[in-house]
Amino acid sequence: MSHSRFNAIDTILNRTELDIDFQDQPIEKISSFFGCNVFNEQAMREYLSEDAYLGVKAAIQAGTKLSRETAEVVAKAMKKWAMDKGASHYAHWFQPLTGKTAEKHDSFFSLTPDGKIIDEFNGDNLTQQEPDGSSFPGGGLRSTFEARGYTAWDPSSPAFILEVGEGKTLCIPTIFVTYSGLALGYKLPLLKSQSYLEKAAIPVCQYFDKKVKRVSVTLGWEQEYFLVDEALYNARPDLVMTGRTILGKHASKGQQLDDHYFGSIPERVYAYMRDMETECHKLGIPVRTRHNEVGPGQYELAPMFEELNVAVDHNQLLMDVMDRVARRHRLRVLLHEKPFAGVNGSGKHNNWSMSTNTGKNLLSPGKTPGKNLQFLTFFVNTIKAVHEHSGLLRASVASASNDHRLGANEAPPAIVSVFIGEELTKVLNEIEKGKTTKEDVKKTLDLLSKVPNLELDNTDRNRTSPFAFTGNKFEIRMVGSTMNCASPMTVLNAMMGAQLMKFKTEVDKLKGKGKDTDTAILTVLKKYIKESKAIRFEGDNYTDEWAKEAAKRGLGNFPNTPEALDAYVSKESKKLFKDSGVFSDTELNAHHEVMLENYILKLDIESKALEELCLNYVLPSAIDYQTALAENVANLKTVGVTAKDCTYQMDMIKRIAANIKGLHAAGKSMTKERHKAHSAKTSRASAIHFCKKVKPLMEKIREFADDLELIVDDKDWSLVKYREMMFMR
Ligand code: ADP
Ligand code: MG
């Protein structure tokens, strides 16, 4: 019998190096080609006049709108640059709420009404496009009369050339909105949250340094992923359709031995990484770190941190590049949060901080004591903000696929808490205990100066924490590997902005009553330290004791997406988003709706894919083997061995029968529940039904199927096995 599984294994075993595109790996220095496909400073200087260049730069830096004339000049320069590099098309590149990126290509080539051939790309083409995109999720924002979506240029993120094979396309980062300007994608709310946070942070910085005129948010993401051979991938319909294995017996060897983690990188994977990194570097994505992760076949890469908006774009672009390059190497990259049960899933840690135009990282404790009050201000306000809006932060990383990580005892739990380490805990405790007379403030500041250099002390880490201070930034570990970082970043910026505004008001009030600035600041911080104490947790986040303790402290625990998402539309969140201008109520409701729809669609697809796998693979394999066993027993009877003596065969026949029966019953129930889920009155009710009724049945079906996989003759099993996907390269 020829199974796709064995064909796939044969393909791998017979593969020669020549089958894999090892691309000419450049021996050039990275610095010699870094950003060569980006319309960056260097390109702008070369293609724009001095005046135009300075004008564009100033507008981008100040975040002001570019005039029509400037847009015209930039478009001309961009077209020349792109065509000099061989680009034939341009595209507005945007980020709809699918989590992926989208692009619609138009050629520069055009015909005038009188039939002349021209290369066209003007200011209008640059600044706005109408890709329609009415099939992207909109959460009801677009009624039929304004169904179209519009994209608008985001000059703060540089345009780039995407090379796919021989094709080269000029890509322009854009926001995606409705006709009336409501957000349909991730970028617009992100940009709004960023400028809101900046507006709130500048006056606070000015308590310490009047020279601070700009504050930008910084993000350094870390991307985890799995690699699987293309042949095996294609022989697993669930991977192809859902990005994860929805059934499959765990291999006897998984990650127990920890022999993969930071191990030597396999040669084939290494070739892939180098190739992919080269593509990234050409696109100006400053990737720097690579290593094996815990799961077999799991890896990680991280760049140097960048300004938030650009960092988010770069991560979105990276996920696209990773996939494209993997195909050249006959590999498939799995970005799903939980491709394999029983081994670690993948996350995308978001390292977040803020920095000033004076070059100061606002979350860096630094060495000079006086300045530490500034650090403390931003540090404590972050903790306070997370305490106030922990539910919303949880909601911002909620998705069907991330539910497999959060709360599953391997990644941070669904309970949001903040880890700050022993030294800083001591500092906060001192402040909390201390008085806030002028004398005491001085003492506290002296004490801060004695805190060892935290930036150098990387030993003090808690890998189980969802939100951890790591020396000079906060690391949000709840983010899922497939996610657009914009989602948690938008929420974090908004809540931090609102928090800093409150802080400023309170400090100014005390100052108005005659307190000096330092004392006023420390007084308010002291209050915040007390008020937000419940969110701080230094212990093991994976334990049951913590779940109990957290409940006592009144912290939220929402292990599933439909319920976690409620926090988006709570009264507090609505107020936060309205005050910050990040989402109007209408936009927020639509966003919530889309997130629920995404959840429903994912589970619907998974449940149907599971049904197919059972019907087309699992059950036929099991029945074949059962038939063979029954024939064997019947044959033995002809030579005088009775069924009573065929204990193994009979046990297996019965075990297979029991599993088939169980699977059949659970399958029927699952289909019924799925239909019920679809007829629920609201999206939320439908999502909850999927979560509470359909999902448990999927898990039950998997148990039957996995037991069948364990006992059925290997040669009869038609689905690629875990050990093959994780260890065969
Ligand atoms: P690890 O956490 O793996 O030990 P690091 O702490 O050195 O490694 O850095 C992890 C990530 O944090 C990197 O992507 C890095 O760019 C990012 N990072 C470092 N400093 C900042 C900062 N000030 N703002 C945002 N991200 C930062
Ligand atoms: Mg890290």
Side-chain angles (χ1 to χ4, degrees), residues 30 34 190 193-194 197-198 201 205 212 214-225 261-262 265 273 276-277 280-281 284-294 298-319 322 344 346-367 371 374-375 377-379 381-382 386 411-412 418-421 424 453-479 481 483 485-486 488-490 492-493 496:
I30 294 170
F34 184 81
L190 179 78
S193 75
Q194 206 172 351
L197 174 52
E198 172 167 33
C205 289
V212 173
R214 302 246 18 210
V215 170
S216 56
V217 188
T218 51
L219 165 66
W221 38 261
E222 302 163 50
Q223 177 76 53
E224 290 179 341
Y225 61 99
Y261 189 48
F262 280 80
I265 299 172
M273 286 176 169
M276 184 248 296
E277 287 166 10
C280 286
H281 289 144
I285 309 173
V287 292
R288 209 172 160 204
T289 311
R290 51 164 110 104
H291 61 78
N292 286 5
E293 256 305 326
V294 176
Q298 191 186 26
Y299 308 91
E300 177 181 310
L301 90 162
M304 276 145 71
F305 69 91
E306 297 177 279
E307 185 276 321
L308 174 62
N309 179 35
V310 174
V312 169
D313 282 2
H314 278 167
N315 182 251
Q316 288 297 116
L317 190 52
L318 168 95
M319 292 194 281
M322 285 174 89
N344 272 18
S346 300
K348 175 148 56 197
H349 296 173
N350 277 201
N351 295 272
W352 172 89
S353 190
M354 292 146 289
S355 70
T356 65
N357 58 307
T358 55
K360 176 106 188 92
N361 172 359
L362 292 170
L363 287 174
S364 166
K367 291 189 190 117
K371 289 263 168 22
Q374 177 169 342
F375 157 71
T377 295
F378 283 89
F379 179 68
N381 272 291
T382 309
V386 174
V418 181
F419 169 87
I420 60 172
L424 283 163
N453 194 338
L454 290 158
E455 288 193 45
L456 297 180
D457 180 21
N458 264 332
T459 50
D460 192 16
R461 292 217 160 181
N462 183 337
R463 290 264 149 215
T464 68
S465 175
F467 196 98
F469 184 72
T470 48
N472 56 4
K473 64 203 179 275
F474 277 100
E475 180 167 336
I476 306 130
R477 304 213 181 98
M478 302 172 288
V479 190
S481 47
M483 272 176 191
C485 306
M489 291 291 105
T490 301
L492 191 57
N493 292 345
M496 183 61 169

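Values below: all heavy atoms of this structure, side chains included; hydrogens, waters and symmetry mates excluded. This structure is a prediction, so every number in the text was calculated from the model and none was measured. Whatever order the structure lists them in is the order used to number ligands and atoms, beginning at 1.
Remark: Glu277 engages Arg290 in a salt bridge (charged side-chain N to carboxylate O under 4.0 Å, His left out) (not counting sequence neighbours). Legend: residues meeting salt bridge (charged side-chain N to carboxylate O under 4.0 Å, His left out) with Glu198, ordered by chain and number and at least two apart, are Arg214.
Contacts with ligand 1 closer than 4.0 Å are made by no heavy atom of His349, backbone or side chain. At a heavy-atom cutoff of 4.0 Å, ligand 1 is contacted by the side chain of Asn361 but not by its backbone.
Between Met273 and Leu301, every side-chain heavy-atom pair lies at or beyond the 4.5 Å cut-off. Within the 4.5 Å cutoff, the side chain of Glu293 has no heavy atoms near those of the Tyr225 side chain.
Note on ligand 1: Arg288 sits outside its first shell, no heavy atom being nearer than 4.0 Å. The closest approach between Thr470 and ligand 1 stays at or above 4.0 Å for every heavy atom of the residue.
At least one N or O atom of Lys473, backbone or side chain, sits closer than 3.5 Å to an N or O atom of ligand 1. Between Ala302 and ligand 1, no N or O atom pair is found at a separation short of 3.5 Å. Looking at ligand 1, you'll find an N or O of Phe305 within less than 3.5 Å of one of its N or O atoms.
Annotation for ligand 1: atoms under 4.0 Å from non-hydrogen atoms of Pro303 are 13 (C), 14 (O), 15 (C), 16 (O). Against a heavy-atom cut-off of under 4.0 Å, Glu475 is close to the following atoms of ligand 1: 2 (O). Counting the atoms of ligand 1 from 1 in the order shown, those under 4.0 Å from a heavy atom of Trp221 are 14 (O). Of all atoms in ligand 1, numbered sequentially from 1 with element shown, those under 4.0 Å from a heavy atom of Met304 are 16 (O).
In summary, of the residues considered (Met319, Glu224, Met478, Arg477), a side-chain contact (heavy atoms from CB on, under 4.5 Å) with Lys348 occurs for Met319 alone.
Using cut-offs of 30° and 60° on the angle between ring planes, the pair Phe474 and Phe469 is perpendicular.
Residue Asn351 comes nearest to Lys473 through the heavy atom pair OD1-CE, 3.0 Å, listed as atom of the first residue, atom of the second, then distance. The two residues Cys205 and Phe378 make their nearest non-hydrogen contact at SG-CZ, 3.7 Å.
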